[in-house]
Trainee: 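Below is the structure I would like to discuss, written out as structure tokens.
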Amino acid sequence: MEISIIKIGNSKGFRLSKTLIEKYNIKDKVELILEKGHIILKPISKPRKNWDSAFKEMHKNGDDKLFFNDVFEEENLEEWN
């Protein structure tokens, strides 16, 4: 696909078609990767999306237990006063 570089204020840029934006689920930002003479645009996903529901599901299943005891469980905090 060939696209034109256009003037945007004092800069230059290019436009992506609505079809490409929808196909690759591009929202407000993309990651720009420079690799071996190529420019790669990668949609930015939201890695923490739906964490709230996942944590609720973990709690419901009892999967939200600590792997290790609390570090400060046996700590004598009085000596710091």
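Keep in mind that the numbers below use all heavy atoms, side chains included, and drop hydrogens, waters and symmetry copies. In this chain, numbering begins with 1 at the start of the sequence shown. Since the model is a prediction, treat every value here as computed from it, not as a measurement.
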Trainee: Say whether M1 and L32 are linked into one hydrophobic cluster, either directly or through other cluster members, by side-chain heavy-atom distances under 4.5 angstrom.
Mentor: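 M1 and L32: one cluster.
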
Trainee: Could you measure the distance from the NZ atom of K27 to the CD1 atom of I21? Nearest 0.5 Å is fine.
Mentor: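 Here the rounded value is 10.5 Å.
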
Trainee: Find the distance between NZ (K65) and NE2 (H59) and round it off to the nearest 0.5 Å.
Mentor: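 Rounded to the nearest 0.5 Å, the NZ-NE2 separation comes to 7.0 Å.
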
Trainee: Using the rule that Ile, Leu, Val, Met, Phe, Trp and Tyr join whenever any side-chain heavy atoms are under 4.5 Å apart, tell me whether F14 and L20 fall into a single cluster.
Mentor: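 Yes, F14 connects to L20 through the hydrophobic network.
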
Trainee: Shared ILVMFWY cluster between Y24 and I33, side chains joined below 4.5 angstrom?
Mentor: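 Looking at the clustering, I33 is in a separate group from Y24.
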
Trainee: Same cluster for I39 and V30 if Ile/Leu/Val/Met/Phe/Trp/Tyr side chains link at under 4.5 Å?
Mentor: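 Yes, I39 and V30 fall within the same hydrophobic cluster.
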
Trainee: Please find the pair of heavy atoms, one from R15 and one from I3, that lie closest to each other, and give the distance.
Mentor: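 The answer is O-CD1, 4.2 Å.
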
Trainee: Starting at OG of S4, measure out to NZ of K12 and round the result to the nearest 0.5 Å.
Mentor: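 The OG atom of S4 sits 11.5 Å away from the NZ atom of K12.
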
Trainee: Would I40 end up clustered with I5 when hydrophobic side chains under 4.5 Å apart are linked, directly or stepwise?
Mentor: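 Cluster IDs for I40 and I5 differ.
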
